[in-house]
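Hydrogens, waters and symmetry mates play no part in the numbers below; they use all other heavy atoms, side chains included.
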Amino acid sequence: MPTKIDYDAKIPNNVDLSGDRRLQRALEGWQPKFLDWWGEMGPTLRTRGVYLRTAISVGRDGWAHFDHVNVPDYRWGIFLAERDPGRVIGFGEHQGEPAWQQVPGEYRADLQRLIVIQGDTEPASVEQQKLLGLTAPSLYDLRNLFQVNVEEGRHLWAMVYLLHAYFGREGRDEAESLLLRNSGSPDAPRILGAFNEETADWLAFYMFTYFTDRDGKYQLGTLKESGFDPLSRTCEFMLKEEAHHMFVGTTGVDRVVTRSAELIREHDTFDIAGHGGIPLDLIQRYLNFHYTVSLDLFGGETSTNAANYYTAGLKGRWQESRRKDDHKLTDDAGSLSRPRADGTWETEELPAILLLNLDLREEYRADCQTGVNRWNKILDEAGIDFRFVLPHPGFNREVGINSGHHVTPDGTVVDERTWSAGKRKWLPTPEDLSFVRSLMHPVYERGKIASWVAPPRQGINGKPFDYEYVYLS
């Protein structure tokens, strides 16, 4: 299969779409519906050009080109990474067999479901971020928002390609449904809860791209291990772009914390709201919310579905090839802590294959801690006695063994009255949300930035911060 992208085609692609006229016609029938969705649910702010990166290769080096592009004209071109002809399945009962190039009939429904769930998250985040361009704190940030949006659009295209190419009429119907559901819709919401939450301000956007896109990294990492090779190759390239989304979140929160620290030192008080800054305890409450909502995306701690996917070779573990076991898990065990009705915790030993969601969540938790360490280092270097913490994984949960319990950020199981009394200290209040939104005034002048966030240390692709990243209409 060629790796060169055909950007002259009506649907730019690197899968030789012109060689399959039936598939080409099907995707060309879906394309106008995508464009209608993008026009209605995509970015509200209109521009004349945004300094975007466009993938020009699936190789390791030189894979992206940067230039100003009119966002509606952005060309999604890569559907699959290069094929490794010697690739074998690395886990489960099919371990060592050649990776599947077609969908095995017995796994058709499960594979389709995995692709649909992943595909549903891609347009959802675009919908959640629809209005953010109207309050961008700088042209640099506005450019990053659009980059995230167009790449989520490309990820949607990649998943729709799989549905059309490998799942027949049912796949085409599911591709249609991806555009019919909308984030937060009371009638047709997105499949996963975190993708129905509102992203109404830029602190929420930074937290979303740090925590929720990081969940995406780990989910894509497990699908990259799939024995279904086209899905594996799709996710491999998506992970390249996902790294930038997490960079936006990591450095975004960095810059908010840096600016808050500056204001604390300048005014010798933690109460910086009156000085146009975001207080550290408010940032912690945002952190608590976005982290715990993202934990729910991993599903229940015990899962027979995840076990079956693993055994079948459909969905592996994070960095499966680096694991030092038999990659079957038939005789392995793990520990699970669960809350008791009396407010204490008990530890239960279970087969490891039933704890795959927990295994992935723990990889994610450790990764999230690196960002918290970064933000605490900023405060430490500023001489500020405050530390951010990740809340206990049982806190504020709607999915899994903790969902029926009230657990404080430090892991104490409490009654409903105690929970209700403390909730305002732990999660963003309506007053918090209103205050943060009150700071969200757009700054569209080159080299300028909103007063609540620090400028980045460097610009995009070697450009300075005061580069004209966006041409506004």
* Asked: Just how far is it from atom NE2 of His441 to atom OG of Ser451, taken to the nearest 0.5 Å?
  -> 8.5 Å
* Phe195 vs Phe208, side chain to side chain contact (heavy atoms under 4.5 Å, CB included): CA-CA, chis, key distance, verdict -> CA-CA 10 Å; Phe195 292 91; Phe208 181 96; 3.7 Å; yes
* For Asn373, all residues meeting side-chain hydrogen bond (donor to acceptor under 3.5 Å, both in side chains), sequence neighbours excluded -> Gln369
* Asked: Taking only residues two or more places apart in sequence, or in another chain, which ones meet Glu431 in a salt bridge (Lys or Arg N to Asp or Glu O under 4.0 Å)?
  -> Arg424
* **Enclosure of Asp73 CG (heavy-atom neighbours >12, cutoff 6.0 Å)** => yes
* Salt-bridged, Asp187 to Arg181, with N to O below 4.0 Å? -> no
* **Greater than 12 external heavy atoms within 6.0 Å of Lys328's NZ** => yes
* Cationic N near anionic O, under 4.0 Å, Arg437 to Glu198 -> yes
* Asked: Is there a donor-acceptor pair under 3.5 Å between the side chain of Glu122 and the backbone N or O of His155?
  -> no
* Salt-bridge present (Arg285, Asp281; N to O < 4.0 Å) -> yes
* Asked: Rounded to the nearest 0.5 Å, what separation is found between the CZ atom of Phe91 and the CG atom of Asp326?
  -> 13.0 Å
* **Asp120/Arg190 under salt bridge (charged side-chain N to carboxylate O under 4.0 Å, His left out): CA gap, chis, key distance, verdict** => CA-CA 7 Å; Asp120 193 70; Arg190 291 298 174 182; 2.8 Å; yes
* Asked: So do the side chains of Leu433 and Tyr286 get within less than 4.5 Å of each other, counting heavy atoms only?
  -> yes
* Between Arg233 and Asp84, is the closest basic N to carboxylate O distance under 4.0 Å? -> no
* Asked: Any side-chain heavy atom of Asn402 within less than 4.5 Å of one from Pro339?
  -> yes
* Tyr469 side chain near His68 side chain, heavy-atom distance below 4.5 Å -> no
* Asked: With a cut-off of under 6.0 Å to the ring centre and 45° to the axis, is Arg214 in cation-pi contact with Tyr210?
  -> yes
* To do: Determine the interplanar angle of the Phe386 and Phe270 rings, folded into 0 to 90°, and report it as parallel if under 30°, tilted if 30 to 60°, perpendicular if over 60°.
  => tilted
* Sequence-distant partners of Arg361, salt bridge (Lys or Arg N to Asp or Glu O under 4.0 Å), two or more places apart -> Glu301
* Partners passing side-chain hydrogen bond (donor to acceptor under 3.5 Å, both in side chains) against Tyr364 (at least two apart in sequence or in another chain) -> none
* To do: State plainly whether the residues Asp359 and Arg323 are in salt-bridge range, i.e. N to O under 4.0 Å.
  => yes
* Asked: Is the closest basic N to carboxylate O distance between Arg340 and Glu346 below 4.0 Å?
  -> yes
* To do: Please determine if Lys315 and Asp110 form a salt bridge, counting it only when a charged side-chain N lies under 4.0 Å from a carboxylate O.
  => no
* Asked: Taking the six-membered ring for Trp, is the centroid-to-centroid distance between Phe395 and Trp419 below 6.0 Å?
  -> yes
* Applying salt bridge (Lys or Arg N to Asp or Glu O under 4.0 Å), name anything that partners Asp201, two or more places apart in sequence or on another chain. => none
* Do you know the tightest heavy-atom contact between Glu225 and Arg317? -> CG-O, 3.4 Å
* Step by step, would you call Thr135 with Trp202 a side chain to side chain donor-acceptor pair (under 3.5 Å)? -> CA-CA 8 Å; Thr135 57; Trp202 278 78; 3.3 Å; yes
* **Set of residues satisfying side-chain hydrogen bond (donor to acceptor under 3.5 Å, both in side chains) with respect to Ser226, sequence neighbours excluded** => none
* Between Arg154 and Glu151, is the closest basic N to carboxylate O distance under 4.0 Å? -> no
* Structure fact -> Correct closest heavy-atom pair for Gly459 and Tyr140 would be CA-CE1, 4.2 Å
* Crowded around Arg387 CZ? As in, over 12 foreign heavy atoms under 6.0 Å? -> yes
* Is a salt bridge present between Lys217 and Glu242, judged by a nitrogen-to-oxygen distance below 4.0 Å? -> no
* Asked: If you draw a 6.0 Å radius around CZ in Arg417, do more than 12 non-hydrogen atoms from other residues or ligands fall strictly inside?
  -> no
* Minimum heavy-atom separation for Gly119 to Leu156, with atom names? -> O-CD1, 4.0 Å
* **More than 12 heavy atoms from other groups under 6.0 Å of CD on Gln458** => no
